[in-house]
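Quantities reported herein were computed from a predicted structural model and do not represent experimental measurements. For ligands, and for the atoms within them, numbers begin at 1 and follow the listed sequence. FYI, the numbering just counts along the sequence from 1.
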Amino acid sequence: MAIQKKHGKGRLDKWYRLAKEKGYRARAAFKLIQLNKKYGFLEKSKVLLDLCAAPGSWSQVAAEVMPMGSLIVGVDLSPIKPIPRVITFQSDITTDKCRATIRQHFKTWKADTVLHDGAPNVGTAWAQDSFNQAELALQSLKLATEFLAEGGTFVTKVFRSKDYNSLLWVFNQLFNKVEATKPPSSRNVSAEIFVVCRGFKAPKKIDPRFLDPKNVFAELQGATPNNEAKVFNPEVKKRKRDGYEEGDYTLYKEITASEFIQTTDPISILGSYNKLTFKQPPNGDVALAALDQLPETTDEIRRCCDDLKVLGRRDFKLLLKWRLKVRDIFGFREKKEDIKEDADAKGETAEEVAEIESMDEELQTQAELQAMKDRENARKKREKRRENEKKQREIVRMQLNMVAPMDIGMEEAGPQGEGSMFSLKKIDKTENGIKRLARGRMSVLPNNEQPKDSGVGTSQESDDSDDDSVADRLEGELDSMYSQYQERKAELDAKYRAKKARKEHEDDEWEGVSGGEDAEQSDSSDLEEEDDSDDESEDDVAGKGLVRDLDDAPATDGGLSRKAAAFFDQDIFKGVALPTSTAKTTVKSKPATLASREARPDVDMGSDDGKDANETSRSFEVVKRERNADDEEWENREDKRPDGRPDIDIITAEAMTLAHQLATGQKTSYDLVDDGFNKHAFRDRDGLPDWFLDDEGKHDKLQKPITKAAAKAIQEKMRAYNARPIKKVREAKARKKIKAAQKFEKLKKKSDMLAADEGMTEKEKADSISRLLSKASKKKAPTPAKLVVARGVHRGVKGRPQGVKGRYRIVDPRMKKELRAQKRIASKKKR
Ligand SMILES: C[S@@+](CC[C@H](N)C(=O)[O-])C[C@H]1O[C@@H](n2cnc3c(N)ncnc32)[C@H](O)[C@@H]1O
């Protein structure tokens, strides 16, 4: 197994190295190579349009693979250095000027393939970044519809974002085959996927609304989620896959603490800002001054505000609780209290605090569904915690000789004996059982005689448990908000994303036993259908609420908004199954699969099973790249040396130390296995709070030893690697060598001929051979560079000035004069 470089310049992976070796301008080249390997569109193309082509690696690949004499046109906002056989120009693909220039180059031709690998720029030309990635993809499709020949192929990069489904739907209308795939060279941590659309239908007329972002993404725009409302109805962790944040180009950002108090979306502030400041703005902020004086604004809170990027779970909760408290003091939460009081007066539970603006119907449905799931998860978590606490108490009792180990065993079978052989519930009901249990000093008393701390339902306990459950729920919700905050942070931090991706692969074996929160959630959703006995009542209530709401909802068929339904009602969509959001039927019949369905562009729902399966495969929820034969081939290529031995690239000092120890026999493979059993390997994380585990996780790793020699060897290796010339330079050197060898061959032949010449004396022969050699060894004087004075037309020109051939140097006129003056002064001094 190759040891992967995990940090720092982790991006310098094998594709990067391979690109460097092959002379491609970017590792992206391999994405196209792999896409083409799978779909084979380049070999068949004679005309190709490469949108967003800089630095040009896709165009390089196209020029290599496409037949001779093909027309390849590449365009990008950034300049593209010339590529043989490729016409390039600089333009914004969203402009008419760009379209006109492409037309000029294409003349009457039509493209067989249109490629688009665009991503809104964060660095160069950022002023033009008015489009986000999905819109850019739609713009490229617009160009494709104009320039593609019938049956042509369109390849585009898209990010898994909220607009992904809409995009796919449009692609499906215009192409016979649409497939989304993630080539092996695309990083797993990247949200990008590539959609290959084949068989362009080339309709005579296309409704412009098809290609208008306002229409295509209309359904989802403007529906800003109300995070405040999520305090009591938290949303499920939804990864933001947009890739780049629009218009966000600064790294360090501050915001006043008062804005954090006032915002309806505190999570996004915590996730995207670095500091909450108490510094007064130039025009004064009374709320901030008041906030600064509040006793609730403790030193700890201030410390948390100082660096939002390092908030632990506890700090995060502290800040949110502080915000809620201050909002109460400032009277921002009046509305909520009113609602609460109203609800109390009506005898309802005051848990649905639907504060602030109402969400739109679809969001509401999703939120309700989510709330249902979260309630269920929180309940399970609660139960588990209680169970642990109970177990703890029993252990204490046992240590005090109050209970037999047997009882603990009983509880371990499941919560309150659920699923166990000796269910306490059953025993409670049978007289004999009670008697038997009550006998002796190790008795477990029935419900009504239970001591307060026994954890099983006394009346006071139930009161407490109500309070508890509110607190628990709030805790659970804060937890889930913390996860959102982490997600948000992750979006801004590629390093964190990579770390998280790695973490997902760790500790696999433990997931089944105790699992993380995530595992718990997914498990619970998987089990939702089967686990109906105990949870029935709760599920029913929640479930009914959801179904009733959907029934009442004025949404049109398939859950589309009226606007969307009207759009899809046009003739062109006849016979085409409409995309739906969360269809009611699915909610009722298959709750467990709903979450995954929500994320998909279900083109056709409510169909029979076979068709459904078909549709699922068409719905392109390509989340993680699966290993396939292609991968293996690529991997094998890399991981084997010509002699068949595995090519292990050791790039960390720890690995090098280990390799050295293995090679010198200081360690055996048995030792390696043995080392696996250490204090970190089997840590008992059960019952430990998440914030503790979070912090602990950073440090409770085995520190592997590093030897000085290994560290030095790695350093050298990296240095040598960095110093290695790129392919172009290596090729130039090789050419030079070949030329020298050819020259030497020629000389040898000539001198042999001279030596064999019988008409010459020995001296003449020796003279002419030495002349020949001295002539050959004489270096050609380099042609002096032409000095071009940066004046007139040459002033400020970038690149080669007009009309100048050969080597040149641009000189500053003042510099030239100063040099002359210096020479003059020096010669005067000599005299
Ligand atoms: C990932 S790079 C493309 C890499 C390229 N396929 C290659 O193989 O070298 C994305 C490019 O999209 C370009 N881009 C972003 N927005 C654009 C726009 N509106 N018009 C033209 N190019 C754009 C950026 O300048 C950037 O060079």
4.0 Å heavy-atom contact, Lys157 with ligand 1: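 It does, in that a heavy atom of Lys157 comes within the 4.0 Å cut-off of ligand 1.
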Proximity flag Pro55 to ligand 1, non-hydrogen atoms under 4.0 Å: yes
Give the atom numbers and elements of ligand 1 that come within less than 4.0 Å of a heavy atom of [X].
X     : value
Ser57 : 7 (C), 8 (O), 9 (O)
Ser78 : 25 (O)
Ser91 : 20 (N), 21 (C)

Aromatic Tyr721 / basic Lys20 pairing, under 6.0 angstrom, 45° off normal: yes
Pair Tyr273-Glu259, side-chain hydrogen bond (donor to acceptor under 3.5 Å, both in side chains): steps then yes or no: CA-CA 12 Å; Tyr273 284 84; Glu259 279 180 74; over 6 Å; no
Nearest-0.5 Å distance, CG of residue Leu35 to OG of residue Ser185: 7.5 Å
Heavy-atom nearest neighbour of [atom] within options [options]:
atom                    : options                      : value
atom 3 (C) of ligand 1  : Ala54, Gly74, Ala53          : Ala54
atom 27 (O) of ligand 1 : Asp76, Leu136, Leu32, Asp117 : Asp76
atom 18 (C) of ligand 1 : Asp92, Ile80, Asp50          : Asp92

Phe175 and Phe200 aromatic ring geometry - parallel, tilted or perpendicular at 30°/60° bounds: tilted
Any N or O of [X] that comes nearer than 3.5 Å to an N or O of ligand 1?
X      : answer
Gly118 : no
Trp58  : yes
Gly56  : yes
Ile93  : yes

Asp96/Arg99 salt bridge by N-O under 4.0 Å criterion: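 Result for this pair is yes, salt bridge flagged.
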Salt-bridge present (Lys728, Glu731; N to O < 4.0 Å):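 Salt bridge absent between Lys728 and Glu731.
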Exercise: do Glu192 and Ser186 side chains pair donor with acceptor under 3.5 Å: yes
Phe210 vs Lys142, side-chain contact (heavy atoms from CB on, under 4.5 Å): CA-CA, chis, key distance, verdict: CA-CA 9 Å; Phe210 258 106; Lys142 202 170 176 182; over 6 Å; no
